[in-house]
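Each chain gets a letter, A, B and so on, in the order its sequence line appears, and its residues count up from 1.
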There are 2 protein chains.
Amino acid sequence: MQSGITLLGYALLGLIQQKPASGYDLRKIFAETPMGTFSDSPGAIYPALLRLEQRKLIQGTIEAGSGLRQRKLLRLTVAGHAELKTWLSAPITQDDLSHRSNELMLRFAFLDHMLGEAATLRFLRSLEAELRIYVPGLQAFLKSHGPKMPISGRLALESGVLGYEAQLRWASRAVSVYEQKIKAK
Amino acid sequence: MQSGITLLGYALLGLIQQKPASGYDLRKIFAETPMGTFSDSPGAIYPALLRLEQRKLIQGTIEAGSGLRQRKLLRLTVAGHAELKTWLSAPITQDDLSHRSNELMLRFAFLDHMLGEAATLRFLRSLEAELRIYVPGLQAFLKSHGPKMPISGRLALESGVLGYEAQLRWASRAVSVYEQKIKAK
DNA sequence: CGATACATGTAAGAAGTTACATGATTGT
DNA sequence: ACAATCATGTAACTTCTTACATGTATCG
């Protein structure tokens, strides 16, 4: 993360971009949806929002609302938009696959709304291509190291491989969904 | 983690239990195997080992070896064994499934060697049972919220659901592998 | 009137990241 | 001689966790 923004930061940025929100709104999203394994604790979210505000990636305006307690509605700044776009546009690496697959899915979830269908399709094709390199590597590791591993270790590894295989099938299907969508126009 | 031991700590404990090892050995395991998404940085591992040693869960003996630089071989203490066993024996919760599935797989990988096949089978059956509750919940969420979600958000969620479905199929198969193993005796 | 949901934050401490420091041994 | 591998650690910084603090509005 050479930009100095954590994954939580990008998650917040992406959600705010989809729809301006308060810290409380964002907390609820993390608490109530099965997506993302982000913390819903105020001790993580409010400081993260403060950092984004200090970097001028988001800006809060206090809603003079319906008499409720003050509520700060957060919006992306121009710089925030740019930062999010840069993050979404980064090429997919093997290292992303092995260590940051949740980050990849988070990027995907925001891509369509932010950069459009063509960019999303490019992302999915690239993801599929990288998985087609990565998965056989895992399978080969399993084949060569498996026999000398204890059975439970081998099974645990197999579980991981099956997960990536499922992701590959998903990516292929998602590619065709987007191809259809684009062709339909 | 009310025991005050992090997941990295348990990973180290489990690996040391399988085979006494040095910090360097452990680093290499994290760096070279696709299992576990643990840091291979000395700045994470050595302090973690120090904490385990301070809690008297592991004990290091300097190997008067082949002339190489001093190498501290780490072994579990009796208390370390007990701690690992407690961790491995904890019941599986829905929260484990949604927020700590990597911890569950790590536990599984160590279970057989530490507690034997019968305990491993119990774990797998429990995992399968919890997944049979969890997966339909995810599917229901997808069905009810999916239609009002943007396509990419829905697909991202589907990817997660597919991953859990794959894990459920894996768990069922692993159960039968262990049933066979036990019956064969 | 009490519980719950709304709403935003802070403080202390634990743990991880990155980068640096140190030094021995082995192979070329 | 030099690079790579073995081997263990520390320091500064960032971030997250847990727990606390504070206060309003609504519902039964």
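- For the pair A:D25 CG and C:dA7 C1', the interatomic distance rounds to 10 Å; values are reported in whole Å.
- The 5' end of DNA chain D is approached more closely, in terms of each residue's nearest nucleotide, by B:K28 than by the other of B:A44 and B:K28.
- The side chain of B:P47 lies closest to D:dT10 when the candidates are C:dG9, D:dT10, D:dT17.
- In this entry the distance linking CG of A:L52 with C1' of C:dT8 reads 16 Å, nearest Å.
- More than 12 heavy-atom neighbours from other residues, nucleotides or ligands sit within 6.0 angstrom of NZ on B:K181.
- Legend: ring pair (Phe, Tyr, Trp, His ring centres under 6.0 Å) pairs involving residues 130-153 of chain B, not counting sequence neighbours, sorted by first then second residue: B:Y134-B:Y164, B:F141-B:H145.
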Each nucleotide N or O in nucleotides 12-15 of chain C that has a protein N or O under 3.5 Å away: list the pair and distance.
from: C:dA15; atom 1: OP1; to: B:G4; atom 2: O; distance (Å): 3.3

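- Looking at B:S126, its side chain never comes within 3.5 Å of a backbone N or O of B:R122 through a donor-acceptor pair.
- We find that NE2 of B:H99 is positioned 11 Å from P of D:dT17, with the value rounded to whole Å.
- The rotation axes computed at either terminus of the helix from C:dC1-D:dG28 to C:dT28-D:dA1 lie 20° apart, taking five pairs at each end and rounding to 10 degrees.
- Among the atoms of the strands shown, base atoms are found under 4.0 Å from some heavy atom of A:G43.
- One atom, CG of A:L49, and another, C1' of C:dA7, lie 13 Å apart when rounded to the nearest Å.
- For D:dT8, the OP1/OP2 oxygens have no side-chain nitrogen or oxygen of B:Y24 closer than 4.0 Å.
- A donor-acceptor pair shorter than 3.5 Å can be found between the side chains of A:E83 and A:Y10.
- Following rounding to the nearest Å, A:R71 (CZ) and C:dG9 (P) show an atom-to-atom distance of 13 Å.
- Look at CD1 on B:I29: it is 15 Å from C1' on D:dA7, rounded to the nearest Å.
- Atom pair B:L12:CG and D:dT8:C1' shows a separation of 15 Å (rounding to whole Å applied).
- The closest side-chain donor-acceptor pair between B:Q94 and B:E130 falls under 3.5 angstrom.
- Between the CZ atom of A:F30 and the P atom of C:dA7 there is a distance of 17 Å, given to the nearest Å.
- At a threshold of 4.0 angstrom between heavy atoms, the contacts of A:S41 include nucleobase atoms, whether or not backbone atoms are also involved.
- In this structure, B:Y46 has no ring-ring contact (aromatic ring centres under 6.0 Å, His included) partners at least two apart in sequence or on a different chain.
- For B:A174, the side-chain contact (heavy atoms from CB on, under 4.5 Å) criterion is met by A:L155, B:L124, B:W170, not counting sequence neighbours.
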- Message: side chain to side chain donor-acceptor pair (under 3.5 Å) for B:T77 and B:Q59? Distances and angles first, verdict last.
- Response: CA-CA 6 Å; B:T77 62; B:Q59 211 200 182; over 6 Å; no
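- For B:R27, the salt bridge (charged side-chain N to carboxylate O under 4.0 Å, His left out) test picks out no residue, with sequence neighbours left out.
- Set against C:dT17, D:dG9, C:dA7, the side chain of A:Y46 has C:dA7 as its closest nucleotide.
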